[in-house]
Amino acid sequence: MPEIDVLQGLNSKQAEAVTHTEGPLLILAGAGSGKTTVLTRRVAYLISRGVHPGSILAITFTNKAANELKTRIEALLGEKAKGVWAMTFHSACVRILRTELPGLGRSGRFTIMDSDDQVKLMRKVLKELNLSEKQYTPSGVLKAISAAKDNLMGPEEYAKTALTFYETKVQQAYELYQRKLRELDGMDFDDLLMETVMMFRTHPQVLAKYQAKFAHILVDEYQDTNRVQYELTKLLAAAHHNIAVVGDDDQSIYTFRGADIRNILEFEEDYPRCRVVKLEQNYRSTQVILDGAFNVVRNNARRKEKRLWTAQEGGQPITLYAAQSGEDEARFVAGEIENLAVQGVPLNAVAILYRTNAQSRTFEEAFVERGIPYSVLSGRRFYDRKHIRDAVAYLRLILNARDAVAFERIVNEPPRGLGPAAVRKITEYAAVSGVDLVQALSAASEIKGLNGPQRKAAAELGTAIGGIALKALGQPPHITLRDVLEATGYIPHLDAQGTAESQERLDDLRELLASVRVFAEAGGGLEEYVEQYALVSDQDTYDETKDACVMGTFHSAKGLEFDVVFLVGMEEGVLPHARSIGEEHQIEEERRLLYVGMTRAKRILYMTFSWSREMSLGLGRARVSRFVSEIPRELLDVKTWED
DNA sequence: CTGGAGCGTCTTTTT
DNA sequence: GACGCTCCAG
């Protein structure tokens, strides 16, 4: 493939970022500056220069972005491009750990515990430690633990820094939580990263293997990396320093999750020989939109000085709509979308963005009423539904008969007369006799304290799951899923209910089966399915070809673009969020959030707010967001419900 | 001991 | 509007 193709159509800065292949590179890429193109071309360029695809590690923020990267590279280079490691931090770590842990005497078949599992487990921990959930909320303790893991502190290290009474209790919870995870052969999201770094630190030969393997490392959305992620890339790049990071400090919106903006601000200090390339030409938005966004974000004290420019002069002013109520706001948005549709704007070119997920409801109702198709940018919504999680828990138990979290989830779902007391007896039996949970179920007749019906129900469940587990290896995963939901009575139970709700759930399960089938036909096995299940994100399920407008949070819209964008709920207490008011650096993050939202728009930008809003306690008066007043008046076209 | 009804509480953003 | 908790009938 001639080199000229790979550089075709790039501006000089972009070309520089693509062709600087040896040594550290910091690409400061403003919103809409062709970042994905640069990443794609860079990988293609490396391969065209003879770099083996398998020695390129490209870390992206979502699986969707990773897949897009792969597809676009293959479009450029064809078969030659196969083998690039394009994935998220978490998927890369899972892959490394599954490969390496068995050689170190540890299990490579761990289950990934998602946030729901974590909370359930933490509840148990707190109960065991006699800590009241009022004072020590599971999410609060988990947040502290997550922060510790982000800073690479295990329970022992954390103990050294735990000073307050609260922290010593958290420390105890941390220790017990980790012990329980080990017993379950589970890892939470943070463990995946921390364990990988720990393994690299304690086993230099393993680290050396990956340092040799990945001759070139690329990291996207670098402004949103946290300490472990930073450490991980630093370790991997230590031997050759062929590390290219792409980011924009103005788009750092994940500090609540430990993202450290210093990683990007201080990259040049970490790698003194580093080349810095700034991409400031924007190919996405009109000048009006860029000016509006710039005038907001310029108010942040902590940022690198820069300003985007575009060859597209002018543009439509930003419409600011003052609504009478939340319903009126939704009515306005729906009405405008209908008008735009008449003018020929396709629905999938329109997005509605809000600060919190709960805000979607009013809009969904208005859209349903008017028959406007929409899809919510929150793939986890589907996967987090109770019955979907139940179904996956059955699969988890088939794969790992010691997965106590999955076991407890489904042992009495549908109701089988096996309540908490019976479950405790079964798990105790398993622990004492050294058998797994499914074997314990099958041996229910030997468990003391269970009554007749309980013994029968438990044995049946054990036989059903055990039987299917035996067959699972040789058949496609969707068949296994269907069989287990039938044989354990899950689907029959829903069928028997015959309510509208149970029908919906059955439909959801059918959808799940269909998606597993698609996954299987693409060559995926049961194990891979369950693994990626825990790692799917909001964006991963987004289908841009569907004829529907998109709704999502500001966060979930990261990296996406739309012709028309509505930013709704532009009120004090919503954006900036009430919990961010008071702390200047949190206000700055909220401001960046708005910046990200505004720069999603290519042609037309709306911002709306309402004078009154339904709050948790009755109707509240609202005030327009402080950020709106930072936008120069001449860029705005102000409308109210009275017009 | 289990399952279901009814009640109060809390809801920022997410890999 | 989802979930945990309490209370009571079987």
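Heavy-atom basis, side chains included; hydrogens, waters and symmetry copies ignored. In what follows, chains carry the letters A, B, and so on, assigned in the order in which the sequence lines appear, proteins first and then strands, with residues in each chain numbered from 1. From a predicted model like this one, the values you see are computed outputs, not experimental measurements.
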Check your understanding: Hey, is A:F256 stacking on B:dT13? Ring centres under 5.5 Å, planes under 30°.
Key ->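 Yes, the aromatic ring of A:F256 stacks with the base.
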
Point to revise | Aromatic-base stack, A:H90 on B:dT15, cutoff 5.5 Å, angle under 30 | key: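 A stacking contact does not exist, since A:H90 is not both close and nearly parallel to the base ring of B:dT15.
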
Practice item. Could I get the full list of salt bridge (Lys or Arg N to Asp or Glu O under 4.0 Å) partners for A:E630, not counting sequence neighbours? Key: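 A:E630 satisfies salt bridge (Lys or Arg N to Asp or Glu O under 4.0 Å) with A:R591 only.
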
**Study point:** With sequence neighbours excluded, residues passing salt bridge (Lys or Arg N to Asp or Glu O under 4.0 Å) with A:D190
**Key:**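 Not a single residue meets the salt bridge (Lys or Arg N to Asp or Glu O under 4.0 Å) criterion with A:D190.
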
Distances under 3.5 Å between protein N/O atoms and the N/O atoms of nucleotides 1-3 of chain B, please, pair by pair.
residue	atom	partner	partner atom	Å
B:dT2	OP1	A:G419	N	2.9
B:dT2	OP1	A:G419	O	3.4
B:dT2	OP1	A:A422	N	3.1
B:dT2	OP2	A:A421	N	3.3
B:dG3	OP1	A:G417	N	2.7
B:dG3	OP2	A:N412	ND2	2.6

When the distance from [atom1] of [X] to [atom2] of [N] is rounded to whole Å, what number comes out?
{"X": "A:I587", "N": "B:dT13", "atom1": "CD1", "atom2": "P", "result": "17 Å"}
{"X": "A:L232", "N": "B:dT15", "atom1": "CG", "atom2": "C1'", "result": "14 Å"}
{"X": "A:Y222", "N": "B:dT15", "atom1": "OH", "atom2": "P", "result": "20 Å"}
{"X": "A:L593", "N": "B:dT13", "atom1": "CG", "atom2": "P", "result": "11 Å"}
{"X": "A:L192", "N": "B:dT15", "atom1": "CG", "atom2": "P", "result": "14 Å"}
{"X": "A:Y354", "N": "B:dT13", "atom1": "OH", "atom2": "P", "result": "10 Å"}
{"X": "A:D117", "N": "B:dT15", "atom1": "CG", "atom2": "P", "result": "15 Å"}
{"X": "A:E572", "N": "B:dT12", "atom1": "CD", "atom2": "C1'", "result": "15 Å"}

Donor-acceptor pairs under 3.5 angstrom involving side-chain atoms of residues 414-428 of chain A: please list them, not counting sequence neighbours.
residue	atom	partner	partner atom	Å
A:R416	NH1	A:I410	O	2.9
A:R416	NH1	A:V411	O	2.8
A:R416	NH2	A:Y394	OH	2.8
A:R416	NH2	A:T488	O	2.9
A:K425	NZ	A:G449	O	3.3
A:T427	OG1	A:V423	O	3.0
A:T427	OG1	A:R424	O	3.0

**Study point:** Covered region of DNA chain C, 5' end to 3' end, by chain A [heavy atoms, under 4.0 Å]
**Key:**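 Endpoints of the contacted stretch of DNA chain C: C:dG1 to C:dG4.
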
Practice item. Output all residues satisfying side-chain hydrogen bond (donor to acceptor under 3.5 Å, both in side chains) with A:T356, sequence neighbours left out; order by chain, then residue number. Key: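 Applying side-chain hydrogen bond (donor to acceptor under 3.5 Å, both in side chains) to A:T356 gives A:Q359.
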
**Study point:** Sugar-phosphate, base or nothing in reach of A:F554, heavy atoms under 4.0 Å
**Key:**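 The residue A:F554 makes no contact with any strand.
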
Practice item. Would you give the length of the straight line joining atom CZ of A:F110 to atom CG of A:L184, rounded to the nearest 0.5 angstrom? Key: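 Rounded to the nearest 0.5 Å, the CZ-CG separation comes to 14.0 Å.
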
Review point. Taking the six-membered ring for Trp, are A:F200 and A:Y210 parallel (under 30°), tilted (30 to 60°) or perpendicular (over 60°)?
Key: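 Tilted, since the angle between the ring planes falls between 30° and 60°.
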
Practice item. Fit a plane to each ring of A:Y533 and A:Y529, take the angle between them on a 0 to 90° scale, and name the class: parallel (under 30°), tilted (30 to 60°) or perpendicular (over 60°). Key: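 Judged by the thresholds at 30° and 60°, the geometry between A:Y533 and A:Y529 is tilted.
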
Point to revise | Distance under 6.0 Å and angle within 45° of ring axis: A:R257 vs A:Y254 | key: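 Yes - A:R257 lies over the ring of A:Y254, closer than 6.0 Å to its centre and within 45° of its axis.
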
**Study point:** Heavy-atom side-chain contact between A:I352 and A:V568 under 4.5 Å
**Key:**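 When only atoms from C-beta onward are counted, A:V568 and A:I352 do touch, with a gap below 4.5 Å.
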
Practice item. For B:dT12, take OP1 and OP2 only and decide whether either is under 4.0 Å from a side-chain N or O of A:R579. Key: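 Yes, because at least one side-chain N or O of A:R579 sits under 4.0 Å from OP1 or OP2 of B:dT12.
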
Check your understanding: Does a side-chain N or O from A:T553 land closer than 4.0 Å to OP1 or OP2 of B:dT14, or not?
Key ->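 Affirmative; the distance criterion is met.
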
